[in-house]
Each structure stands twice: as structure tokens, then as C-alpha cells.
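Below is one structure, written out as C-alpha cells; the observations come after it.
Below, read A as the first sequence line, B as the second, and so on, with proteins coming before strands; counting in each chain starts at 1. All values below were derived from every heavy atom in this structure, side-chain atoms included, with hydrogens, water molecules and symmetry-related copies excluded. Predicted, not measured: the structure shown is a model, and the values here were computed from it.
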Protein chains: 2
Amino acid sequence: MSRASARDRLADAAFALFAEFGYEQTTVEEIAERAGVGRSSFFRYYRSKEDVIFPDHERLRQQVAARLATSNQATAITAVSDAVRLVMLYYVSEGERARHRYRLTSTIPALRDREIASVAAYQRLFREFIDGWIDEGARSALRAELMAATVVAAHNHVLRRYLRDECADPVSEVDAALDQAIALFGVDPRAVSTGTTVLAFETPERPEEVFAALRRVLEPRAKT
Amino acid sequence: MSRASARDRLADAAFALFAEFGYEQTTVEEIAERAGVGRSSFFRYYRSKEDVIFPDHERLRQQVAARLATSNQATAITAVSDAVRLVMLYYVSEGERARHRYRLTSTIPALRDREIASVAAYQRLFREFIDGWIDEGARSALRAELMAATVVAAHNHVLRRYLRDECADPVSEVDAALDQAIALFGVDPRAVSTGTTVLAFETPERPEEVFAALRRVLEPRAKT
DNA sequence: AGTTATATGGGATGGAGTCTCAGATGGCAA
DNA sequence: TTGCCATCTGAGACTCCATCCCATATAACT
């Protein structure tokens with residue numbers, strides 16, 4: 001019936017209704033109705049009502065895991081950097097939708113808890129990776145734990161700034177924040193590669209929108 | 001009818017039924033029935049089915065906040081240490097119950113997410129405190145964020161070891177882990193007070209059980 | 001046209017969580 | 001004792017989330 005897929009229509013309808021009437025006040029039935037599908041179909045596309053807000057978390061998590069998996073000890077720091085940048089770039093590519101989600105997760109406890117849980121999943125990925133590939137000399141489970149915690153905290157700090165519109169260049173800011181986090185552990189910062197990084201990732205957004213968003217982000221850096 | 005309060009009976013019934021039949025397979029009605037109260041009363045004592053597993057999280061969080069609130073810049077590190085120890089001691093005082101909970105939160109995603117969310121609440125407390133009282137010179141929101149993340153990660157690392165029975169002396173281990181975390185930030189470790197720390201806190205457990213648990217924990221230290 | 005695979009909606013079901021109301025309980029004073 | 005008040009309790013109805021089953025539709029291929 002519509003051009004957009006049923007899955008996208010459902011997400012759009014959900015965001016619109018949540019913004020207008022609030023999260024608890026909106027029922028799944030109403031979301032399905034506005035999207036022009038049956039109630040059953042909603043749960044075909046999304047496991048739960050909360051899920052419609054984070055449609056691609058699992059996919060993004062897998063991409064992070066995949067990036068980390070293609071690394072070895074020599075390139076471990078770069079892999080962590082890339083993985084963190086991957087997540088940040090995904091949010092940037094989402095544009096306004098990420099800010100809508102942030103507004104919801106800031107106010108609705110159920111959604112905030114879910115967001116926090118997915119962040120914890122990232123932290124576990126990083127912890128396992130760091131435990132395996134970094135700190136071969138000073139290896140200790142506690143160090144890996146602390147390092148993963150700071151990596152994720154650094155990313156989230158900049159991400160929240162970006163979502164609150166307090167930061168014009170989230171990509172270079174997150175790079176800087178990550179450098180600061182890793183420097184705490186006395187890891188040689190020269191092990192971090194510099195220059196242009198090319199990443200491949202998938203997003204439901206249309207390419208032109210992604211390019212526009214990335215251009216907005218990258219242009220201030222291109223001037224230097 | 002029974003000696004124990006309805007609230008305690010409900011928690012006991014819930015833990016027993018979860019252990020025997022699993023979390024999803026147990027209904028609130030069955031918990032209430034075993035506890036000898038009506039279904040309505042369950043929701044009087046606990047906001048939700050998940051809540052019965054973490055009866056005192058909110059109270060413990062308030063105790064942490066209270067300990068931090070009684071500090072100033074000069075004693076900030078000690079306050080953080082005490083607050084972390086406070087949480088660890090609470091789990092220790094719970095004895096086996098904490099391990100039962102750990103088994104549940106390790107396997108049931110819904111309960112794990114809830115646990116993670118409450119950890120995030122602690123992290124926020126520490127972040128706000130650190131942002132206000134530590135790093136007056138090198139003050140930066142990012143540093144506070146990273147420091148709070150490592151404080152919580154250090155605590156959780158030792159707590160999980162304790163709950164998995166991999167650690168005989170969780171209190172001194174958490175002190176050591178915290179020292180390691182704080183040392184990352186170049187804070188003067190001499191600012192951390194040493195010696196005996198006396199803490200006051202409340203717990204639903206009976207005093208003799210608390211004393212026994214604490215004695216088990218403190219005795220290995222007393223020998224030194 | 002026939003057949004298989006996949007997508008969809010309807011309806012039933014069960015359980016979580018909220019709400020209201022009626023009855024029970026236990027002081028406490030007259 | 002009686003009456004009054006506050007608090008606690010359980011029953012039942014209700015909404016909504018989430019799952020499940022099944023009948024139908026659409027498409028795709030033979």
C-alpha cells in the first residue's frame with residue numbers, strides 16, 4: 001500500500017504517537033492501526049513495544065563484534081577505536097531519529113533501562129576483546145574490566161553531548177575522548193592509527209540522508 | 001499467621017518457586033498463594049514481579065547517596081571507598097540470598113537487565129559526586145564520567161567473583177580493586193584512609209546471620 | 001491451473017499490573 | 001460494651017502486552 005515497508009511504517013507511526021501522546025498512553029494496537037497493518041504484524045516485526053524504538057541494536061552490536069573479530073594483538077587499539085567510531089557514526093547517520101529516541105529514553109524509565117541494558121552488551125563485547133588482545137604483559141581481568149568501562153563511558157559521554165546538541169563534531173570528539181580513556185592505562189598512544197578511516201556499515205536510512213549527515217559531520221574536519 | 005512478615009514471606013516464596021520452576025513459569029498468583037496472601041497484596045509490597053528479587057535496592061542506593069552526601073573535597077576519596085564498601089558489605093550480609101539472586105540474574109534476561117539498570121543508577125550517583133568533589137584542578141566532565149565508570153566496574157568485578165565463590169575476602173579485594181581504579185587517574189592514594197572502618201546500615205536479615213557473615217569475611221584480615 | 005512458500009490478520013489465551021470496593025482487624029474513646 | 005476511626009487485606013474487574021493458532025491472501029514457480 002505505501003512505498004515504505006511495513007516495518008518502517010510501524011517505526012514511524014510509533015515515534016509519531018509516542019511524541020504526541022506519550023509512551024504509556026500509546027497502545028500497540030494504535031501503532032499498528034496508524035501503520036495500516038494488523039496488530040499481529042507489529043509483533044512480527046518487533047519483539048516488543050520497546051523494541052520499535054531500537055530497531056537495529058542487535059545488528060549494530062553484531063557489526064561491532066565483527067569489527068573486533070577481524071583484529072589481532074598488533075591492531076587491537078585501532079580495532080577498539082574503529083568499533084567505537086562505528087557506533088557513533090551509526091547514531092550520526094540516523095539524524096533526527098536518534099534525537100527523538102534520546103528524548104524518549106531520557107523520560108521513560110522502561111526505555112532508559114532498555115537502552116542501558118544494550119550499552120552493557122557493548123561493554124561486555126569490549127571487555128572480552130580487551131581481555132584477549134590488549135595488556136598481554138599487564139594482563140588482568142580487572143584491568144580489562146576497567147578499560148572496557150572507560151571505553152564505553154567515553155563513547156557515551158560524547159554521544160550524549162551530541163544528542164543534546166552540545167557538540168558539533170562528535171566523531172573527532174569521540175576519538176579524543178577515547179584517546180584520553182586509553183591513555184589512563186598507559187597504552188602507547190602511537191599504536192592508534194591516524195588519518196582517514198573508511199568504515200562499511202548498514203543502515204535503514206536512505207543513502208543520500210546518510211551522506212548528508214556524514215558531510216555535516218566531516219566538513220569541519222576537512223577544513224584543517 | 002506466620003512469624004515472618006508478609007513481605008518477607010513473599011520474597012522467600014518467590015525465590016523458592018523461581019528456583020524450582022523457573023522465573024517465567026512462576027506466576028505472581030502462585031507466589032502469593034505460597035506466601036499465604038492474596039494476589040493484590042503482592043503488588044502492595046512489590047511494584048512488580050521483578051522487584052521481589054531486589055527488595056532493597058532503592059534503600060541501598062539511598063544509603064550510598066547519604067554516605068556521599070556527608071563528604072567534602074578533602075574526604076572525597078574516602079567517601080567513595082566507603083560507599084563502595086557499603087554496597088559490597090550489603091551483599092555479603094545477605095549471604096546465600098545474594099548468590100541465589102546472582103544465579104537468577106545470570107540466566108533470566110529480564111532480571112539481568114533490571115540489575116544492570118540499578119548498577120547504572122549507582123554509576124550516576126558516583127559520577128555526580130566525583131564531578132563535584134574530585135579533580136578540582138583537572139576538572140572535566142569526561143574525567144568524572146570515566147572515573148565513575150571504573151569505580152563501579154571495579155566493584156562489580158569483585159562482587160561477581162565473590163558471588164561465584166572465586167574470592168574469599170571480598171572486602172579487602174574490593175578495596176584493592178578500587179585503589180587500582182583510582183590510581184589510574186593519578187589521584188594521591190595517600191588520600192585514602194586506612195585502618196578499621198565502621199559502617200552502619202540496615203538489612204532485613206537477622207542480626208546473628210549478619211554477624212556470622214561479617215565474621216567470616218573479616219577473620220582472614222584479622223590474622224594479619 | 002495447480003502447488004508450494006511466505007506474508008498477513010483475526011481471534012483466543014494467559015499473565016502482569018492497576019484500580020475499586022467491601023469486609024476484616026485493631027486500637028481508642030465514650 | 002458500643003461506636004468510631006484508621007489501616008490492612010482480598011476479591012474481582014479491567015487494560016494491555018505478548019504469544020499462539022489458524023484461515024486466508026498473495027506471489028512465484030511448474
Find every protein N or O atom lying less than 3.5 Å from an N or O atom of nucleotides 18-22 of chain C, and list the pairs.
unit_1, atom_1, unit_2, atom_2, d
C/dT18, O4, B/Arg39, NH2, 3.4

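- We find the CZ-CZ distance between B/Arg39 and B/Arg44 to be 12.0 Å, quoted to the nearest 0.5 Å.
- Atom P of nucleotide C/dG15 and atom CD of B/Glu50 are separated by 17 Å, given to the nearest angstrom.
- Every residue was checked against the salt bridge (Lys or Arg N to Asp or Glu O under 4.0 Å) condition with A/Asp113, not counting sequence neighbours, and none meets it.
- B/Tyr45 has a side-chain polar atom (N or O) that falls below the 4.0 Å cut-off from OP1 or OP2 of D/dT9.
- Counting heavy atoms of neighbouring residues, nucleotides and ligands inside a 6.0 Å radius, atom CD of A/Gln180 exceeds 12 of them.
- The side chain of A/Thr27 sits closest to D/dC16 out of D/dT9, D/dC16, C/dA16.
- When rounded to the nearest whole Å, the span between NZ of A/Lys49 and P of D/dA18 equals 8 Å.
- At whole-Å resolution of the value, CD in B/Glu29 and C1' in C/dA16 are 11 Å apart.
- Rounded to a whole Å, the CZ atom of B/Arg9 is 12 Å from the C1' atom of D/dT9.
- For the pair B/Glu30 CD and C/dA16 C1', the interatomic distance rounds to 13 Å; values are reported in whole Å.
- Within a 6.0 Å radius of CZ in A/Arg103, other residues, nucleotides and ligands contribute more than 12 heavy atoms.
- Distance CG (A/Leu10) to C1' (C/dA7): 14 Å, rounded to an integer number of Å.
- Using a 4.0 Å heavy-atom cutoff across all strands shown, B/Phe42 reaches no nucleic acid atom at all.
- Look at CD on A/Gln25: it is 15 Å from C1' on C/dG17, rounded to the nearest Å.
- Take B/Ala13 and apply the side-chain contact (heavy atoms from CB on, under 4.5 Å) test, not counting sequence neighbours, and it matches B/Ile31, B/Arg34, B/Ala35.
- To the nearest 0.5 Å, atoms CG (B/Leu146) and CG (A/Leu146) are separated by 11.5 Å.
- Taking atom CZ on B/Arg114 and atom C1' on C/dA16, their separation rounds to 13 Å, with Å as the unit.
- Annotation: the span from B/Asn156 atom CG to B/Tyr122 atom OH amounts to 10.0 Å, rounded to 0.5 Å.
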